[in-house]
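Before any comments, here is the structure.
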Number of protein chains: 2
Amino acid sequence: MLAAIVGEDRVRSGDYERAYHARGRSYLDLLRLRAGDLSEAPDAVVYPRGTEEVLAVLALASEREIAVVPFGGGTGATGGVTAQRGRFGAVITLDMSDMDRLIAVDPVSQTAVAQAGISGPALEKALEAKGLTLEPQSCEFSTLGGSIAQGDAGDWLIGAKLATPRGLIEAGPRWKGLLLGSQGVLGVITEASIRVRQLPEVSDHRAYLFRDFASGAAAVREAMQAGVQAAMLRVSDAETTRFLSAFRQVGKSKTLTMRLIQHTLDWRGYGERPCNLIAGFEGKTKTVSFARAAFDAIAKKHGALVRGRVGGDQWKKTRFATPYLRDSLLDRGVGVETIETAAPWSRLDALYAAVRTAIESAIAQHVPRQGAKGVVMGELDPAYTDGARLRFTVIFPRLLDGDVAQAQAISQAAHEAILANGGTHQDVHPLGVAAGTSELAVAALRAVKAALDPKGVLNPGTLLSD
Amino acid sequence: MLAAIVGEDRVRSGDYERAYHARGRSYLDLLRLRAGDLSEAPDAVVYPRGTEEVLAVLALASEREIAVVPFGGGTGATGGVTAQRGRFGAVITLDMSDMDRLIAVDPVSQTAVAQAGISGPALEKALEAKGLTLEPQSCEFSTLGGSIAQGDAGDWLIGAKLATPRGLIEAGPRWKGLLLGSQGVLGVITEASIRVRQLPEVSDHRAYLFRDFASGAAAVREAMQAGVQAAMLRVSDAETTRFLSAFRQVGKSKTLTMRLIQHTLDWRGYGERPCNLIAGFEGKTKTVSFARAAFDAIAKKHGALVRGRVGGDQWKKTRFATPYLRDSLLDRGVGVETIETAAPWSRLDALYAAVRTAIESAIAQHVPRQGAKGVVMGELDPAYTDGARLRFTVIFPRLLDGDVAQAQAISQAAHEAILANGGTHQDVHPLGVAAGTSELAVAALRAVKAALDPKGVLNPGTLLSD
């Protein structure tokens, strides 16, 4: 049946295919994969090539009551790629990786349409060939559809084609809130319209050093509220700053090491806990100069040491805890969890402190030996006029016996602290804390799901499940 | 029953109250009111004072199957305030005008929470007392809740309390698309969280004159895509420019008239059809100077004559066709219709031309006497990086016999041209044309309504009605 829709060679049920698609790449996923747990592997993996094929597969799956799990980049940070069979006899994974074309660009309106399975870097490359680029900080690791389904899409999303068991929805702005973070439970995103920009004349990244996290955050807040045009403003807390600095000194040239030592000396005046900030400015040469000067003035007012230009893509390295690194750290007995939240500026400092403390005590309670410590690293990014996102990367000695419980205890402690301090979960924007959490709101979203997926075949067990 | 919830004096069923709440202030509403048609007046008008009272009224109405029409500023541009009894024996209007408090401000996060019945000017005044202001171009005439329900809310909306017959929803970012333009069919917006700003150091409005509408639009597009920070950029087409200029010369001082003549002379070089553009810049002094200089350069590149500073609030007068003026024009035998749409930049010029032509021929076919003409005035505002909104104000000699059919024919012609040329309807943002229009999308939205308002008492006959 499936083969009749997509072709014989595009339905695969070999062991490797099934195992590869069994889980995402979250820490818990990795632990379970390492434990050899493939109980949730799909029965087959289907590789569609277009919206029509996806619609046909979904209609068939709905008719036969086969569960369907959409699979993009496979990072599945929140469990979106794992099939939960429940009452379903069969589960198929829809691997979107062959739907990877840039379909159209409209250079006048600075918009583009692409298939959902295209990866962030591939999309960037295809756009660059036309003199265009993605909005700053769009999907770095995921596929286009995956970042929308995970809720990582920002202001760059205009609309999408949503294939459902009951047909296609051209999801415009009115649907944006429903698509973001929907994790495939309402339908499969097959194409998306996005905002793009002309390649900037100048792309300039600068580093600043602050006395503490709060003053870095205050500078970012003031810049956002004054309308300073920055492509990125990222504050690393003291642990992140220290950790990254140590990281960089390994295996580098003598010159670089000398420079780092110089920086370390510079930091002296900044106390024991200096915090690094990376500011990126992109656009016309004049606009970039103006914005950089405006940010310099604000940063200095908040006591910053201006460290100057950050060479090449060095700033990208501050995002070291990618899904790809987790595997190698695990091999070395080190666990890595990532926790994200967002809050209005007025709650941000308290939220940061509370989440850090909660994670530290959870680690202390779940360590392989007395006195072993973890590292809790916080970063603020991106920022808005009314608030910002916080991302914590937690590195801890892995319990060999009970590693799943250990990871769960750490997440749980962090999430309790987030809720108690007015942070948001899984919402793209600050103040969304209550969104979709009340019983009535969930009932309304379930009604949407029932209208689009009456048999409940889409990603059963994820979100909205009964 | 209602009196037990809100108090005796807050349930009113006098003739004046009922007539006042019978209709909105759209052109068709006014025609029907003038024809003495009060068939759709509600049976009673209820004035709640808080969210709890609204919830209790809705629960009661749902239990007794009484239709409920929320009423904000009463502009009801798209028919949202008119009760359509249908199968309902009784209709009540919920007049939100006593829910007019600014509840809280968070100056650190630059956010505020206000009750939904507060008017735009009252909200602005309350914020100004705290050194804050609304985002540029927020609700000028409506109430806060009304502008959200009509879909006029922009980026300033964070979330809202939505009272429904089944209870309260704290509607965060995920719900924003459902709230905007929902016209009260999903629930009654009782409070909203919004983004505000510090009062700007400088507020500077400048006028420019372009050779034609397309070059004005091209300058605005270039400015938006280059990231020029303008609080407003509004292009008037030649008819609007000519009409407003004539308007302004009536009853003004000699000096002003001389200046206007000078301007008219200046315009000569700009051909027969010069188009005015108003650019507003707000914020820190330096930022305003930088943005203004950047826009000047772009405007000149597109052949503009820089006319200089616009005094006081003069630019606001370009928005003359408010609901309030309609009544006096009607007295003089003049009909006024407003038509709004939006499109990506690549379609904007063609859309503008097609809608103008369609309206002009509809007027020609429906005039009181051979040769009588109307005036079709177009304005572009606001603009985004990927597109802009167009607003047409149509002034025409009113048919005394058949004025309703005349107005309908003009609207119809405009909307057909909009659809044929890729413009959007009732969507806040370009490219939303298909949003909520397919049968399946409507089914999904109806499912949301059924979950929140199972008896269908909220604004029956408006949107989503079966």
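Residue numbers begin at 1 in each chain, while the letters A, B, ... track the order of the sequences.
- Between B/Arg197 and A/Gln225, every side-chain heavy-atom pair lies at or beyond the 4.5 Å cut-off.
- The candidate from B/Ser109, B/Ala443, B/Gly159 with the greatest count of non-hydrogen atom pairs under 4.5 Å with chain A is B/Ser109.
- Side-chain atoms of A/Asp106 and B/Ser346 form a donor-acceptor pair, as typed in the model, at a separation below 3.5 Å.
- Here the CG-OG1 distance, from B/Asp155 to A/Thr385, works out to 9.5 Å after rounding to the nearest 0.5 Å.
- Taking the side chain as every heavy atom from C-beta outward, B/Leu168 and A/Leu440 never approach each other to under 4.5 Å.
- In terms of heavy-atom pairs under 4.5 angstrom with chain A, the leader among B/Leu348, B/Leu162, B/Val228, B/Thr287 is B/Thr287.
- Side-chain contact between B/Leu180 and A/Arg174: absent, with no pair of heavy atoms (C-beta onward) separated by less than 4.5 Å.
- Neither the backbone nor the side chain of B/Leu179 has a heavy atom closer than 4.5 Å to any heavy atom of chain A.
- Per-residue heavy-atom pair counts under 4.5 Å with chain A were compared for B/Ala450, B/Gly177, B/Gly167, and the maximum is reached by B/Gly177.
- The minimum heavy-atom distance between A/Ala226 and B/Lys284, with the atom names listed, is CB-CE, 4.1 Å.
- Note: B/Val108 leads B/Val108, B/Leu452, B/Leu178 in heavy-atom pairs under 4.5 Å with chain A.
- Interface check for chain A: of the options B/Ala291, B/Pro200, B/Gly227, the most heavy-atom pairs under 4.5 Å are formed by B/Gly227.
- Residue A/Tyr384 holds its OH atom at 12.5 Å from CD1 of B/Ile158, rounded to the nearest 0.5 Å.
- Judged purely by atom type and a 3.5 angstrom limit, B/Gln110 has no side-chain atom pairing as donor or acceptor with the backbone of A/Trp345.
- Atom CD of A/Gln198 has 12 or fewer heavy atoms from other residues, nucleotides or ligands within 6.0 Å.
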